[in-house]
Amino acid sequence: MAKTPQAIRGTQDIFGADAEAFAFVVETFERVRRLYRFRRVEMPVFEKTEVFSRAIGETTDVVSKEMYSFEDRGGDSLTLRPEFTAGIARAFLSNGWQQHAPLKVATHGPLFRYERPQKGRYRQFHQIDAEIIGAAEPQADVELLAMADQLLKELGIEGVTLHLNTLGDGDSREAWRAALVEYFRAVKDELSEDSQERLEKNPLRILDSKDRRDQKFVADAPKIDDFLTEEAKAFFEAVTSGLDAAGVKWQRAESLVRGLDYYRHTAFEFIPDEGSEAAGKLGSQSTILGGGRYDGLMESLGGTPTPAVGWAAGIERLAMLVGDKTQDRLEIAIAAEHRDREAEAAQAIAMFRRLGFQAELFASGSPRKRFDKARKTEPGILISMDVRDGKPFQNWQGTYPEIDREAEAHAAFTAVWELPDDDHYG
RNA sequence: GCGAUCGUAGCUCAGUUGGUUAGAGCGCCGGUUUGUGGUACCGGAGGUCGCGGGUUCGAACCCCGUCGAUCGCCCCA
């Protein structure tokens with residue numbers, strides 16, 4: 001026998017309860033984004049490599065070693081999208097969507113990063129994504145965050161808190177960064193090896209280091225608040241007061257940062273509370289939804305400066321938190337307990353399905369075992385079609401709790417087939 | 001890129017200090033019951049013990065390598 005090929009490392013075949021939970025997340029997202037009037041957008045799964053290398057930054061790990069890149073037959077370097085934002089920005093610019101600004105868009109689908117798989121982390125993974133492009137006001141941040149908050153609530157996810165920070169505008173950020181470098185450089189020898197490297201290329205990242213050696217210095221590190229310009233301060237206050245007015249709970253996270261320079265002002269992540277059920281289910285992958293304002297991105301793709309803010313969330317991670325979502329209960333099962341009744345049973349099942357019932361036919365294998373097989377699916381209605389004493393015979397059994405429209409199903413069935421006189425349903 | 005743990009039937013797992021022909025439950029297939037509905041009874045199929053090498057009279061078990069999975073580190077745009 002030929003060897004069965006195995007799935008690519010870090011890819012997954014989702015089935016059963018996991019697939020139902022996945023679908024529940026997507027369906028809920030689609031419903032909520034309509035409430036907020038975000039427009040659906042479909043994007044290519046691959047782009048020219050430069051879309052990502054320019055938008056994300058050549059030096060980041062994502063671009064330097066985590067992209068699935070390949071040459072097509074024309075010699076162009078293409079890349080499977082590692083995120084949504086860069087592609088959406090490219091589409092916004094190349095399609096002239098400025099005419100729709102401010103534009104609220106939402107999408108979901110697969111993304112690809114060449115990483116070592118672990119809990120809640122795959123090489124092909126899936127995200128939901130929402131962006132507001134061409135809106136410079138803090139109200140856009142508030143609306144986007146309110147939508148995220150409502151989505152998580154409608155998914156039934158508990159014990160998750162919005163961690164919020166501001167990175168200030170360009171000037172604030174530069175001043176803060178310089179102060180951080182100066183502060184940490186003074187204690188460089190006592191920092192972890194990783195953070196000694198971060199000091200040069202990504203000093204903000206030292207703030208969320210997990211290493212104890214770093215953490216004892218983080219508490220007294222310079223705070224962004226001391227470097228905010230008046231405008232940046234007013235912006236952040238408008239965001240927080242807007243969240244309060246919208247009833248979105250949040251907490252300040254002074255160490256929450258974004259490494260890339262084009263991020264401005266608001267940065268946020270929804271993170272499970274310490275010790276919560278959600279935190280336990282996610283392992284070390286704590287953030288379930290994250291985003292921020294990226295006013296500087298469009299320029300890196302050659303567009304005019306365009307303010308924008310957005311977030312994304314991993315569908316797999318959300319699905320781990322929504323609990324068991326089993327398939328809907330089977331409404332009607334028909335067991336053809338005799339080979340001579342198989343055609344009629346198929347006729348009946350087709351009738352029920354056209355009437356909008358979820359119905360399943362049991363007409364294969366040993367006729368004697370078909371009833372048992374049907375019963376094990378615990379249907380709302382269990383119909384037997386058999387031959388007894390040489391004559392066609394059918395039986396109707398309603399089980400508790402009874403399904404909606406049982407009377408309608410019963411009427412449709414008895415219009416064609418007889419049932420015993422003493423039959424009761426419901 | 002680094003580390004830890006784990007790979008036995010379709011699934012969940014047993015398998016004694018290394019010792020005959022590798023087991024169970026579930027699932028699947030078949031048979032039995034003259035039956036208004038059973039968690040029934042009987043039987044069957046299905047395994048290169050991840051793969052390769054080594055130690056040994058003898059390996060699912062010990063050793064090395066390899067592939068894969070899981071979890072963590074790094075990273076997380």
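Throughout, a chain's letter reflects where its sequence line sits, starting with A, and its residues are numbered from 1.
With sequence neighbours excluded, the residues satisfying ring-ring contact (aromatic ring centres under 6.0 Å, His included) with A/Phe235 are A/His265. Every residue meeting the ring-ring contact (aromatic ring centres under 6.0 Å, His included) condition with A/Tyr68, not counting sequence neighbours, appears here in chain and number order: A/Tyr114.
Under 4.0 angstrom from either OP1 or OP2 of B/C29 there lies no side-chain N or O belonging to A/Ser366. Between A/Arg121 and B/G72 there is no side-chain polar atom (N or O) within less than 4.0 angstrom of OP1 or OP2.
Using cut-offs of 30° and 60° on the angle between ring planes, the pair A/Trp250 and A/Phe236 is perpendicular.
Of the candidate nucleotides B/C76, B/A69, B/U36, B/U36 has the atom nearest to the side chain of A/Pro420. Comparing B/C76, B/C75, B/G37 against the side chain of A/Arg205 picks out B/C76 as the nearest. Taking every side-chain heavy atom of A/Gln118 into account, B/G72 is the closest of B/C75, B/G72, B/U36.
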Base versus backbone protein contacts along nucleotides 4-10 of chain B [heavy-atom cut-off under 4.0 Å; B, S, -]: -------

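Nucleotides B/C62 and B/A14 place their P atoms 15 Å apart, quoted to the nearest Å. To the nearest whole angstrom, the two C1' atoms, one in B/U16 and one in B/C41, are 34 Å apart. With C1' as the reference atom, B/A9 and B/G23 are 10 Å apart, rounded to whole Å.
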Could you list the protein-to-nucleotides 38-44 of chain B atom pairs, N/O on both sides, closer than 3.5 Å?
residue : atom : partner  : partner atom : Å
B/G38   : N7   : A/Asp372 : OD1          : 2.7

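Both key distances under 3.5 Å define a Watson-Crick or G-U pair, and stretches of 3 or more such consecutive pairs in RNA chain B run B:1-7 with B:67-73, B:10-13 with B:23-26, B:28-32 with B:40-44, B:50-54 with B:62-66.
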For residues 9-24 of chain A, dump all side-chain donor-acceptor pairs below 3.5 Å to protein atoms at least two apart in sequence or in another chain.
residue : atom : partner  : partner atom : Å
A/Thr11 : OG1  : A/Ile8   : O            : 2.6
A/Gln12 : NE2  : A/Glu316 : OE2          : 2.8

